[in-house]
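Read through the structure below, which is laid out as structure tokens, and then see the notes.
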Amino acid sequence: MTLLGAAEIRALAADLDVTPTKKLGQNFVIDANTVRRIVQIAGVRAGERVVEVGPGLGSLTLAILETGASVTAVEIDHRLAARLPGTAAAHGAADGTLTVVDADALRIAELPGDPTVLVANLPYNVSVPVLLHFLESFEQLRRGVVMVQAEVGERLAAAPGSKVYGSPSVKAAWYGSWRLAGSVSRQVFWPMPNVDSVLVAFERDAMPRGTPRERARTFEIVEAAFGQRRKMLRQALAAVLGGSSAAASAALEQAGVAPTARGEQLGIDDYVRIARARPHAGPAAG
């Protein structure tokens with residue numbers, strides 16, 4: 001197989017009358033070494049099924065196919081979705097190795113081929129919602145590597161106590177472990193973005209952390225904690241743990257969490273214990 005070069009990418013875009021837009025978060029990778037590096041970090045092997053979100057003109061798609069893996073590509077731009085199979089075939093992709101889904105990744109409910117690996121240059125404006133939607137909806141996804149805005153990647157991989165630790169950090173940790181896996185130069189994109197990019201790798205935990213209902217409850221508590229992150233948890237969580245700070249304090253103590261702690265001090269296991277605690281309504285308190 002051969003990969004796309006910068007000149008061919010620009011020619012393809014011109015032929016399709018595609019101008020990369022900020023609305024769709026489009027920045028096309030024009031460097032073959034970069035897409036091969038992403039695939040290598042993801043550990044993609046021949047015979048695996050990979051899902052790619054936002055394949056664009058196909059740079060990363062071809063690098064995945066080059067390994068002997070199959071790809072399910074989810075693309076919201078109808079023109080790009082229609083052109084991708086022809087590009088793959090022209091570059092030597094075997095028949096049946098690429099399936100293109102012309103759809104919005106945030107609304108997709110089924111993935112043909114049951115892919116187990118996610119590899120993507122995610123649109124920066126929806127990267128976290130797409131990640132969380134895919135991890136929630138497709139339990140067969142076991143690992144992956146995504147390219148995101150540096151600030152977003154640092155949040156996803158952040159540990160409790162870090163300055164950038166927030167609700168995305170905790171929600172991502174529900175599903176498994178995350179790590180920063182490298183930086184990506186602005187020079188490899190067309191058009192060149194005005195933000196830095198990083199690679200983030202994840203591995204899903206072998207066993208689910210809880211039920212879907214427990215996940216929804218945990219995420220509700222996480223959002224409340226970080227919605228008022230400067231407040232102590234007994235205040236920030238009052239509305240979702242019994243309606244008062246006294247009731248919240250009782251639930252927090254039941255979960256083994258100090259009522260005077262703040263949201264950024266807690267890990268995912270702490271939040272799960274809070275979600276499983278049974279709040280008791282108490283007298284209103286400040």
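Note that these values count all heavy atoms, side chains included, but never hydrogens, waters or copies made by symmetry. For the single chain, residues carry numbers from 1 onward in sequence order.
- Within the 4.5 Å cutoff, the side chain of R45 has no heavy atoms near those of the T67 side chain.
- Residues V119 and V71 fail the side-chain proximity criterion, which asks for heavy atoms closer than 4.5 Å.
- For the side-chain contact (heavy atoms from CB on, under 4.5 Å) test with L118, the passing option among L131, V145, V50 is L131; the others fail.
- Linking ILVMFWY residues whenever their side-chain heavy atoms come closer than 4.5 Å, directly or via other members, places V126 and V74 in the same cluster.
- Here the side chain of W178 pairs a donor or acceptor atom with the backbone of A172 at under 3.5 angstrom.
- Here the side chain of N121 pairs a donor or acceptor atom with the backbone of N27 at under 3.5 angstrom.
- Using modelled atom types, one side-chain atom of D77 and one backbone atom of R79 make a donor-acceptor pair closer than 3.5 Å.
- Looking at heavy atoms from C-beta onward, R215 lies out of side-chain contact with R209 at the 4.5 angstrom threshold.
- Proximity of a side-chain donor or acceptor of T72 to a complementary backbone N or O of P112 within less than 3.5 Å is detected.
- Around the CG atom of D15, the shell of radius 6.0 Å holds more than 12 heavy atoms that belong to other residues, nucleotides or ligands.
- The side chain to side chain donor-acceptor pair (under 3.5 Å) search around T99 returns R49, not counting sequence neighbours.
- Residue I268 is grouped with residue V240 when hydrophobic side chains (ILVMFWY) are merged at heavy-atom distances under 4.5 angstrom, including chains of intermediate members.
- Annotation: the span from S183 atom OG to L199 atom CG amounts to 8.0 Å, rounded to 0.5 Å.
- Between P259 and M232 there is no side-chain heavy-atom pair separated by less than 4.5 Å.
- Within the 3.5 Å criterion, the main-chain N or O of G43 finds a donor-acceptor partner in the side chain of R143.
- Under the 4.5 Å side-chain contact rule for hydrophobic residues, M192 and W190 do not share a cluster.
- Using cut-offs of 30° and 60° on the angle between ring planes, the pair Y271 and F226 is tilted.
- Across all non-hydrogen atoms, the minimal contact from A109 to F138 is O-CE2, 3.5 Å.
- Rounding to the nearest 0.5 Å places CD of E110 at 11.0 Å from OG of S137.
- Residues L252 and R234 approach most closely at CD1-N, 3.8 Å, considering heavy atoms.
- Between W174 and L135 there is no side-chain heavy-atom pair separated by less than 4.5 Å.
- The shortest distance between side-chain heavy atoms of V146 and S127 does not fall below 4.5 Å.
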Worked verdict on F189 versus I30 for side chain to side chain contact (heavy atoms under 4.5 Å, CB included): CA-CA 6 Å; F189 294 98; I30 57 175; over 6 Å; no

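- Note: F219 and Y175 have perpendicular aromatic rings, judged against thresholds of 30 and 60 degrees for the angle between ring planes.
- Between E223 and K171 a salt bridge is recorded (basic side-chain N to carboxylate O distance below 4.0 Å).
- Between the CG atom in L57 and the CZ atom in R83 there is a gap of 9.0 Å [rounded to 0.5 Å].
- The two residues A88 and L62 have their closest heavy-atom pair at CA-CD2, 3.7 Å.
- In terms of heavy-atom proximity, L4 sits nearest to T87 at CD2-CG2, 4.2 Å.
- Remark: side-chain polar atoms of T116 are not paired, donor with acceptor, to backbone N or O of Q140 under 3.5 angstrom.
- Of the possible polar contacts, one joining the H91 side chain to the T2 backbone as a donor-acceptor pair under 3.5 Å is found.
- L233 and G263 get closest at one heavy-atom pair: CD2-N, 3.8 Å.
- Classification of E66 and R36 as a salt-bridged pair holds, one side-chain N sitting under 4.0 Å from a carboxylate O.
- Between the CG atom in D196 and the CD atom in Q149 there is a gap of 9.0 Å [rounded to 0.5 Å].
- Between R217 and E220 there is a salt bridge, with a side-chain nitrogen of the basic residue lying less than 4.0 Å from a carboxylate oxygen of the acidic one.
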Side chain to side chain contact (heavy atoms under 4.5 Å, CB included) between V164 and E151, intermediate numbers included: CA-CA 8 Å; V164 296; E151 180 183 352; over 6 Å; no

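- Here the straight-line distance linking atom CD of E8 with atom CG of L3 works out to 10.0 Å at 0.5 Å rounding.
- By the 4.5 Å heavy-atom criterion applied to side chains, I38 and M147 are counted as neighbours.
- With E264 contributing its side chain and G166 its backbone, the two residues share no donor-acceptor pair below 3.5 Å.
- Residues L241 and I274 have side chains in contact (heavy-atom distance under 4.5 Å, counting atoms from C-beta outward).
- Here the closest non-hydrogen pair linking A277 and A255 is CB-CB, 4.4 Å.
- Judged purely by atom type and a 3.5 angstrom limit, Y165 uses its side chain to pair as donor or acceptor with the backbone of L266.
- Looking at R142 and E48, no side-chain N of the basic residue comes within less than 4.0 Å of a carboxylate O on the acidic one, giving no salt bridge.
- Atoms CG and NE2, from L80 and H78 in turn, are 10.5 Å apart once rounded to the nearest 0.5 Å.
- The backbone N or O of H133 sits nowhere less than 3.5 Å from a side-chain atom of E136 that would complete a donor-acceptor pair.
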